[in-house]
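In what follows, chains carry the letters A, B, and so on, assigned in the order in which the sequence lines appear, proteins first and then strands, with residues in each chain numbered from 1.
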Amino acid sequence: MIIRSDNINLKQIAESGQCFRMNELERNKYSLTAFDRYIILTQPDDYTVELDCTEEEFNKIWRSYFDLDYDYKRIIDRMLSGSDTFLKNAAEFGRGIRILRQEPFEALISFIISQNKNIPAIKACIERLCEHYGNRMVHKSTGTIYYTFPKPGVLAEAEKEELKGLKLGYRDEYVLRAARAVADGTLKLDELAGCTHQEAVNTLKKLYGVGDKVANCVSLYGLHHIEAFPVDIWIKKVIDEIYNGAFNYSLYEEYAGIVQQYMFYYKRVQDLKKADI
DNA sequence: GCCCAGGGCTATC
DNA sequence: GATAGCCATGGG
């Protein structure tokens with residue numbers, strides 16, 4: 001299956017810190033585990049992405065997952081026509097990023113784990129969690145072994161001591177309680193997708209270990225409320241260093257999450273590059 | 001060994 | 001309501 005778009009870049013998506021199970025296999029070739037599936041993606045040029053799946057699977061899963069029916073160019077053009085130089089640069093730099101529509105439960109657990117960790121460490125924790133509590137699968141065409149993301153019921157039944165072995169640190173209690181809330185029906189994630197962003201955040205924040213930032217990430221990446229605006233260390237740096245402590249995103253209110261993603265990616269790549277030199 | 005990482009909870013003011 | 005210290009772990 002082949003996608004053509006001006007605004008899709010696997011490397012940028014994989015490195016944008018929104019998903020943790022998309023990995024580079026070789027240059028311009030990535031694997032992705034989501035929705036109990038494992039898929040291989042290649043990008044021969046800036047405008048083309050190939051998925052190793054049927055058209056049926058593509059239409060059922062991946063068209064939505066990659067948010068392909070949304071016009072990102074419209075957002076970028078709007079930023080490019082504005083007067084904010086940082087946002088212009090950020091949008092131009094990250095124009096292949098898309099906001100993935102991840103499974104709500106995976107987003108919830110992943111971003112609970114993410115707190116106070118860097119991205120490689122988050123990915124390692126999540127892989128351990130999947131190997132331990134997910135289902136072992138075999139990718140048919142390559143024979144690759146992979147593990148699905150754990151189901152709420154399985155994670156809810158996890159033994160505390162066993163979970164501790166996965167080295168989630170103090171977050172293991174947060175993970176356990178969140179999984180139980182979903183498994184026993186206290187937290188209905190599917191309903192939150194139909195609520196407003198603000199209602200979703202308010203509900204999510206009732207969970208022990210879920211604060212404003214994690215709730216916004218779940219709302220954005222798991223429920224696709226694109227008006228969410230998660231503020232982490234990197235976004236804080238942007239606000240402090242570029243906007244003198246106050247960024248007014250009301251201009252971009254209904255798609256603030258997309259703007260935030262360009263800001264995050266641009267700032268992080270710039271700073272990491274600087275640190276590397 | 002140091003500082004930092006897609007933070008949140010708790011105590012204290 | 002704001003802020004400081006603490007939390008557990010691994011990457012750089």
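Among B:dG6, B:dA5, B:dC9, the nucleotide with an atom closest to any side-chain atom of A:Lys237 is B:dA5.
Taking 4.0 Å as the cut-off between side-chain N and carboxylate O, A:Asp67 and A:Arg98 do not count as a salt-bridged pair. Between A:Asp172 and A:Lys160 there is no salt bridge, since no side-chain nitrogen of the basic residue lies less than 4.0 Å from a carboxylate oxygen of the acidic one.
Aromatic ring centres of A:Phe264 and A:Tyr262: separated by at least 6.0 Å.
The stretch residues 154-183 of chain A touches DNA chain C through A:Lys167, A:Gly169, A:Tyr170, A:Arg171, each having a heavy atom within less than 4.0 Å of the strand. Heavy-atom distances under 4.0 Å link DNA chain B to A:Asp212, A:Lys213, A:Val214, A:Tyr221 of residues 212-225 of chain A, given in residue order. Less than 4.0 Å separates DNA chain B from at least one heavy atom of each of the following residues of residues 115-129 of chain A: A:Gln115, A:Asn116, A:Lys117, A:Asn118, A:Ile119.
Within the 4.0 angstrom heavy-atom criterion, only backbone atoms of the sugar-phosphate kind lie near A:Gly209; the bases stay farther away. Nucleic acid contact class of A:Ile235 (heavy atoms, under 4.0 Å, all strands): base. Residue-level contact check: A:Ser16 touches the bases, meaning some heavy atom is under 4.0 Å from a base atom. Base contact: A:Phe264 has a heavy atom under 4.0 Å from a base atom.
Nearest heavy-atom pair across A:Ala246 and A:Ile239 is N-CG2, 3.6 Å.
There is no side-chain donor-acceptor pair under 3.5 Å between A:Asn135 and A:Lys151. Side-chain atoms of A:Asn202 and A:His197 form no donor-acceptor pair, as typed in the model, at a separation below 3.5 Å. A donor-acceptor pair shorter than 3.5 Å cannot be found between the side chains of A:Asn216 and A:Tyr221.
Atom P of nucleotide B:dG6 and atom CD1 of A:Ile13 are separated by 19 Å, given to the nearest angstrom. Here the C1' atom of nucleotide B:dG6 and the CD1 atom of A:Ile97 are 13 Å apart, to the nearest Å. Atom CG of A:Leu207 and atom C1' of B:dG7 are 15 Å apart (whole Å).
Aromatic ring pairs are classed by plane angle as parallel below 30°, tilted from 30° to 60° and perpendicular above 60°; the pair A:His139 and A:Tyr146 is perpendicular. The aromatic rings of A:Trp62 and A:Phe66 sit tilted, their planes meeting at an angle between 30° and 60°.
Atom P of C:dG10 sits at a distance of 16 Å from the matching atom of B:dG1, rounded to the whole Å. On the P atoms, C:dG5 is 23 Å away from B:dG6, given to the nearest whole Å.
With a cut-off of 3.5 Å on both pairing distances, B:dG1 has no Watson-Crick or G-U wobble partner at all.
Taking the ring centre of A:Tyr208 as origin, the terminal cationic atom of A:Arg177 falls inside the region bounded by 6.0 Å and 45° from the ring axis.
Counting heavy atoms from C-beta outward, A:Phe229 and A:Ile235 have side chains that approach closer than 4.5 Å.
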